[in-house]
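Heads up: the structure comes next, in structure tokens.
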Amino acid sequence: MNDRYDFKTIEKKWQNYWEENDTFHAQNDYTKPKYYALVEFPYPSGQGIHLGHPRPYTAMDIVARKRRMEGYNVLFPMGWDAFGLPTENFAIKNKIHPAIVTRNNVNRFRAQLKAIGLSFDWLREVDTTDPDYYKWTQWIFLQLFKKGLAYKKEMAVNWCTSCKVVLANEEVVSGVCERCSCEVIRKVKSQWMLKITQYAKRLIDDLEGLDYPDRVKAGQINWIGHSTGAEVDFSTSSGDTLRVYTTRPDTLFGATYMVISPEHPYLVKWESLLLNNAEIKAYQDASARKSDFERTEIAKDKTGVKLQGVTAVNPVNGENIPIFISDYVLMSYGTGAIMAVPGHDTRDYEFAKAFNLPIIEVVKGGNIEVEAFTDCATGIMVNSGFLDGLPVEEAKAKITAWLEEKGLGAPKENFKLRDWVFSRQRYWGEPIPIVYCEKCGFVPVPESQLPLMLPEVESYMPTDTGESPLATLESFVNTTCPACGGAAKRETDTMPQWAGSSWYFLRYCDPDNMGALASKEALDYWMGVDWYNGGMEHTTLHLLYSRFWHKFLFDIGVVKNKEPYLKRTSHGMILGEDGQKMSKSRGNVINPDDVIAEYGADTLRLYEMFIGDFEKTAPWSQSSIKGCKRFLDRVFGLHHIICYTNSNNGDEYSEELTVVIHKTIKKVTEDIEALKFNTAIAALMTLLNEIYGVGRISLTEFRTFLILLNPFAPHITSELFKKAFGKFIHQQKWVEYDMALCVDNEIEIAVQVNGKVRAKVNIPSNAEQGDVLNTAKSQLDIARLIDGKKIVKELYVKGRLVNIVVK
RNA sequence: GCCGCUGUGGUGGAAUAGGCAGACACAAGGGACUUAAAAUCCCUCGCUCGAAAGAGUGUACCGGUUCAAGUCCGGUCAGCGGCACCA
């Protein structure tokens, strides 16, 4: 036998075997216990996979392979989130149809993933750009529309000047486009919206009981931004009332002015009463021109204009107070109007200082000469009439009840979450299946006509008017109204990339179903996803969107679980060798294809898992990976020391290895579940070192070792197992350990005097405390140290150490 | 500002539930084998003093609790990620 492990041949051989035999195809055998392991499907970019892809994929592959050996019917699928801008931009630039670009990219991705030896069920592959798939994306949209959760609205949207496309708030990062880093401005457009806000409360509440990392839950809760308070009506001199939302109704006595958003309809309605319309108009224009980002960037200096000609009345004390417009009040949150309490709100304080407005202390505890006092926990009400002397929380309840009684206000909860802007003016997305008829309004395309196919166009270029390229296609646009049969026009916007990924995990359950997004039986059996691993960057995007869609599908009876994912984990990023994010511009990109060519897929897998804590970022190292290669070469070399005769130990392990093997089984079994792949591998390395220390390995031991290593390094273990046992390792059962055999008979413990280790002694692991202490004290080093001293305390921590405290 | 997280050798990182800090690797140094190199094998490897035995010291910093603290508590500093005029 050649001593060097020929990974190129062997890995290819097993990949071919798995492929030809559909080894990892999940059968719809509903009698077996199921396990659904899911990883986020990739966007098949033109660059192929990068080193970040194999990390989560290998991790869940390890879980999937282990689960199969544990007897589960495992669904571990893969697909392509293939609609999207980069493909479209590439298509425009190179004059190739985006569908062809997609097909090429997908083929490359698939080949690359297969070369890693991932045990995906390739018979269940899905592609969001496949009409048989997006038919159901459109179908879900229609259900949303029918339930009033999809609506069209004229609104200021985030407009990327380079992509010429509307972006969701979530896609705007620091004022620039998440994808191209170009400027994002505000532009008024008519957009399809999804009412995710209607699910805001449930999206928070149902997080309870889900096995998600706290940082993910906290991220979503923050993003949804729930608050409770009250709405209060302020009468004004126009005769109209202005309604405000406040989380601090207790401070109502301290409200010395009001501020409304520059876009507030009050300004239009009462324009005739206002004496300084020119000034107001100038301010409105200035803030309209600012992007959301600019508006929040200059947060430091408060600006605004006082309305001349109208005033408001504070409902609790009847005081006349001025009304301002300022862009620190957003029309999109609450009522677009606030009562300003400068004594107890930092922003109001700044504004009051800038405009020299009165500041009244109504909560005692701080120093409002210096800054606003905002602490709700310790403050006591003052200067507040019937609220005086109450703690803040009691005052909130009392004033809210009072307002309700007087008909001036009511309790109210609010969310920062906004509805989901669902329109994109691009070609490469799912057409929105809606027809606009002058007579009937927005009419859904009949479900029997789905999929509404993406038509062929001459050019995919977005138009300068901001319309989708589909708008230039008269044969597509002009149609008849499904309701009245009259002339009508099709919607030409397409869906955002998040649409297809909001339900793809359902399609995997039954990917070829032509009559439903998946059969009821398949969904009932496979859902929910038992373990979903993916990136932190999707906390407020994909993860939130898909939870929303799933809840909707639950409400209309399509799925039986109100939550799609039972358990969510997140992996850390792989950085370049310089500790920076890998990027072409930094020149620190390492190509997985090259790594596989040089070291093999098993080594890549092993190193990706060994590199560090799975949940944290880790820098790649071209030299550290060699350790994993060496390990596998040494595993291959085990055939030199196999004891084939093996006559006297049957199913048992040898005396020298029994404990370390049981310990390793326990460690690997538990560490995989806890995402501690790095220490699981370390334990296998330790075991291998022990085996080489002993100098021989029995077939039973070899078998156990290979099974433990198999999820991490499936190719080499499949080969060695087949050679040694003539069987397939993926058909074996996972190995078990005996707790009683995880401890050595004799163990070494530390002996401390006053908390410092002064000696080590060997004791039987089951020794009694008294015997251990006597042994410890009889040690020369210890006897010397405690001689003549008074023993204050003696402790024995079983199996660990002895501590003798002396004075 | 708010929320979440992190800080351990030359490097990546270990350390159960408060119980021997540095597992497992990488790099480095020394040695064996080799004409030589690669590969492989053996040894050393936190820091200070010491030839060694050994002693002292050490988990960002300051303090506390404890027989015992990387781990728990209080405070400080530094860094990372997310949100950010949300009333």
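Proteins get letters first, then strands, A, B, ... in listed order; numbering begins at 1 in each.
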Between [N] and [M], how far apart are the two [atom1] atoms, rounded to whole Å?
{"N": "B:C61", "M": "B:A78", "atom1": "P", "value": "15 Å"}
{"N": "B:U48", "M": "B:G9", "atom1": "P", "value": "14 Å"}
{"N": "B:G46", "M": "B:G58", "atom1": "C1'", "value": "8 Å"}
{"N": "B:C45", "M": "B:A37", "atom1": "P", "value": "26 Å"}
{"N": "B:G7", "M": "B:G18", "atom1": "P", "value": "16 Å"}
{"N": "B:A51", "M": "B:A38", "atom1": "P", "value": "34 Å"}
{"N": "B:A15", "M": "B:G70", "atom1": "P", "value": "15 Å"}

How would you label the glycosidic angle of B:G70: syn (within 90° of 0) or anti?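 What B:G70 shows is an anti base, its glycosidic angle lying more than 90° from 0.
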
Which residue pairs pass the ring pair (Phe, Tyr, Trp, His ring centres under 6.0 Å) test with at least one member in residues 675-695 of chain A, sequence neighbours excluded? A:Phe614-A:Phe677

Reading 5' to 3' through nucleotides 64-75 of chain B, protein heavy-atom contacts under 4.0 Å coded B for base, S for sugar-phosphate only, - for none: ---B--------

Under 4.0 Å from OP1 or OP2 of [N]: is there any side-chain N or O of [X] that close?
{"X": "A:Ser624", "N": "B:A27", "result": "no"}
{"X": "A:Lys676", "N": "B:A15", "result": "yes"}
{"X": "A:Asn678", "N": "B:A14", "result": "yes"}
{"X": "A:Lys629", "N": "B:U40", "result": "no"}
{"X": "A:Arg630", "N": "B:C26", "result": "yes"}
{"X": "A:Asn689", "N": "B:A25", "result": "yes"}

Residue whose nearest RNA chain B nucleotide is more 5′ - A:Tyr245 or A:Ile681: A:Ile681

Given side chain to side chain donor-acceptor pair (under 3.5 Å), test A:Tyr328 with A:Ser261 step by step and report yes or no. CA-CA 7 Å; A:Tyr328 85 87; A:Ser261 163; over 6 Å; no

What is the nucleic acid contact for [X], judged by heavy atoms within less than 4.0 Å: base, sugar-phosphate only, or nothing?
{"X": "A:Lys760", "answer": "base"}
{"X": "A:Phe610", "answer": "base"}
{"X": "A:Glu537", "answer": "nothing"}
{"X": "A:Thr617", "answer": "sugar-phosphate"}
{"X": "A:Ile611", "answer": "sugar-phosphate"}
{"X": "A:Ser332", "answer": "nothing"}
{"X": "A:Asn414", "answer": "nothing"}
{"X": "A:Ser621", "answer": "nothing"}

Round to the nearest Å and state the distance from [X] atom [atom1] to [N] atom [atom2].
{"X": "A:Lys416", "N": "B:A87", "atom1": "NZ", "atom2": "P", "value": "6 Å"}
{"X": "A:Ile574", "N": "B:G13", "atom1": "CD1", "atom2": "P", "value": "10 Å"}
{"X": "A:Leu575", "N": "B:C80", "atom1": "CG", "atom2": "P", "value": "13 Å"}
{"X": "A:Glu413", "N": "B:A87", "atom1": "CD", "atom2": "C1'", "value": "16 Å"}
{"X": "A:Trp223", "N": "B:G82", "atom1": "CH2", "atom2": "P", "value": "12 Å"}
{"X": "A:Trp620", "N": "B:C26", "atom1": "CH2", "atom2": "P", "value": "15 Å"}
{"X": "A:Leu541", "N": "B:G82", "atom1": "CG", "atom2": "C1'", "value": "12 Å"}
{"X": "A:Asp613", "N": "B:C80", "atom1": "CG", "atom2": "C1'", "value": "15 Å"}

Closest to the [X] side chain: [options]?
{"X": "A:Pro619", "options": "B:G12, B:A23, B:A87", "value": "B:G12"}
{"X": "A:Asp327", "options": "B:A27, B:A87, B:C85", "value": "B:C85"}
{"X": "A:Arg758", "options": "B:A87, B:G19, B:G56", "value": "B:G56"}

Pairing of [X] and [Y] as salt bridge, 4.0 angstrom limit:
{"X": "A:Arg55", "Y": "A:Glu608", "answer": "no"}
{"X": "A:Glu794", "Y": "A:Lys777", "answer": "yes"}
{"X": "A:Arg243", "Y": "A:Asp233", "answer": "yes"}

Residues two or more places apart in sequence or in another chain: which of them pass ring-ring contact (aromatic ring centres under 6.0 Å, His included) with [X]?
{"X": "A:Tyr333", "value": "none"}
{"X": "A:Tyr737", "value": "none"}
{"X": "A:Tyr607", "value": "A:Trp620"}
{"X": "A:His662", "value": "A:Tyr653"}

Kindly write out the residues that satisfy side-chain hydrogen bond (donor to acceptor under 3.5 Å, both in side chains) with A:Lys667, not counting sequence neighbours, or none if the list is empty.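 A:Lys667 satisfies side-chain hydrogen bond (donor to acceptor under 3.5 Å, both in side chains) with A:Asp671 only.
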
Contacts of A:Arg758 that satisfy side-chain hydrogen bond (donor to acceptor under 3.5 Å, both in side chains) - sequence neighbours left out: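 A:Arg758 satisfies side-chain hydrogen bond (donor to acceptor under 3.5 Å, both in side chains) with no other residue.
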
Can the ring centres of A:Tyr257 and A:Phe351 be said to be less than 6.0 Å apart?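 Close enough - the centres of the two rings lie under 6.0 Å apart.
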
Sequence neighbours left out, what passes salt bridge (charged side-chain N to carboxylate O under 4.0 Å, His left out) with A:Lys416? Give chain and number order.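 Not a single residue meets the salt bridge (charged side-chain N to carboxylate O under 4.0 Å, His left out) criterion with A:Lys416.
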
Please check: side-chain N/O of A:Asn588 versus main-chain N/O of A:Ser583, any donor-acceptor pairing under 3.5 Å?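 Flag set: sc A:Asn588 to bb A:Ser583 pair under 3.5 Å.
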
Please check: side-chain N/O of A:Asp602 versus main-chain N/O of A:Phe712, any donor-acceptor pairing under 3.5 Å? no

Looking only at side chains, do [X] and [Y] share a donor and an acceptor under 3.5 Å apart?
{"X": "A:His571", "Y": "A:Glu615", "value": "no"}
{"X": "A:Thr303", "Y": "A:Tyr283", "value": "yes"}
{"X": "A:Thr686", "Y": "A:Asn689", "value": "no"}

Per-nucleotide pairing state of RNA chain B [Watson-Crick or G-U, under 3.5 Å; [ ] pseudoknot-crossing; | other strand]: (((((((..(((......[....))).(((((.......))))).((((....))))..(((((..]....))))))))))))....

Nucleotides 44-49 of chain B: which of its N/O atoms have a protein N/O under 3.5 Å away?
none

Below 3.5 Å, does any donor atom in the side chain of A:Lys302 face an acceptor in the base of B:C85, or the other way round?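 Side chain to base: pair present.
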
N/O to N/O distances under 3.5 Å, protein versus nucleotides 2-6 of chain B:
residue, atom, partner, partner atom, Å
B:C3, O2', A:Asn222, ND2, 3.2

